[in-house]
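One structure is given below, encoded as structure tokens.
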Amino acid sequence: MKSEPESFSIDDLKKRPNKTEPWDGVRNYQARNFMRDQMQVGDQVFFYHSNCDVPGIYGLAEIASTAYPDPTQFIENHHHYDATAKPEEPRWMLVDVRYLRHLKKPISLNLLKEHVEKLQGCPLIMKGNRLSVMPIRPEHWKAILALE
DNA sequence: GCCAACGTTGGC
DNA sequence: GCCAACGTTGGC
């Protein structure tokens, strides 16, 4: 799961009550579907910092709830307001995310790219990929964590 | 700040 | 259904 650290970083997540935060603001259908259809409580997550000095994975989190409607879609004037969404027919979903730990050493995108051969097909290092939520296959998860 | 790589919108 | 225009993401 990606976030711009200037708006919400893994340090911010750690400081939250229960170290947990609703992952609101996702407005991409594919990303929504991953949260809605595939995420289960206890699933582990890489916390990725995008659009920053050193993009990469900075820590681990876990899914703390199954998907439910993103309340920000109903709030007029909110940055993530969606006039086409109605409470009886919500369009956008989110999950709660709980902090687990920082990586001993962040795994930069640069470092990930040095290990393409082990990460064949991993969406993280694929060009043009802009998804903010994406599934990581178990073998990729292991290979990435081994870089810590 | 630039720009490639998308995704969305809306006219036709 | 096609596609041009536009908006967004995110690395660099």
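To find a chain, count down the sequence lines: A is the first, B the second, and so on, and within it residues start at 1. All values below come from the heavy atoms of this structure, side chains included, with hydrogens, waters and symmetry mates left out.
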Side-chain N,O (Tyr48(A)) to OP1/OP2 (dG11(C)) below 4.0 Å: yes
Is Lys2(A) close enough to dG11(C) that one of its side-chain N or O atoms is under 4.0 Å from OP1 or OP2 there? no
Can you tell me which nucleotide in dC12(C), dG10(C), dT8(C) comes closest to the side chain of Ser50(A)? dG10(C)
Would you mind reading off the distance between Glu6(A) atom CD and dT9(C) atom P, rounded to a whole angstrom? 15 Å
Length of the line joining Met134(A):CE and dG10(C):C1', which is rounded to integer Å: 11 Å
CD of Glu4(A) versus C1' of dT9(C): gap in Å, rounded? 8 Å
State whether Glu139(A) and Arg137(A) are salt-bridged, where the test is any N-O pair (Lys NZ or Arg NE/NH1/NH2 against Asp/Glu carboxylate O) under 4.0 Å. yes
For Asn129(A) and dT8(C), give me the distance from atom CG to atom P, rounded to whole Å. 19 Å
Does the ring centre of Trp92(A) sit less than 6.0 Å away from the ring centre of Tyr68(A)? no
Measuring to OP1 and OP2 of dA5(B), would you say a side-chain N or O of Lys127(A) lies under 4.0 angstrom away? yes
Count the heavy atoms of every other residue, nucleotide or ligand shown that sit under 6.0 Å from CD of Glu89(A), and state whether that count exceeds 12. no
Using whole Å, report how far OH of Tyr29(A) lies from C1' of dT9(B). 11 Å
Asn51(A) side chain, from C-beta outward: closest of dG7(B), dC12(C), dG10(C): dG10(C)
Rounded to whole angstroms, how far apart are NE2 on His49(A) and P on dT9(C)? 17 Å
Choosing from dC12(C), dC6(B), dT8(B), which nucleotide comes nearest the side chain of Asn110(A)? dC12(C)
Anything under 30° is parallel, anything over 60° is perpendicular, the rest tilted; go ahead and classify Phe47(A) against Trp23(A). perpendicular
Arg130(A) CZ to dG11(C) C1', straight-line distance once rounded to whole Å: 13 Å
May I ask you to decide whether Arg27(A) forms a salt bridge with Asp70(A), counting only side-chain N to carboxylate O separations under 4.0 Å? yes
Integer-rounded Å distance: dT9(C) C1' and His79(A) NE2: 12 Å
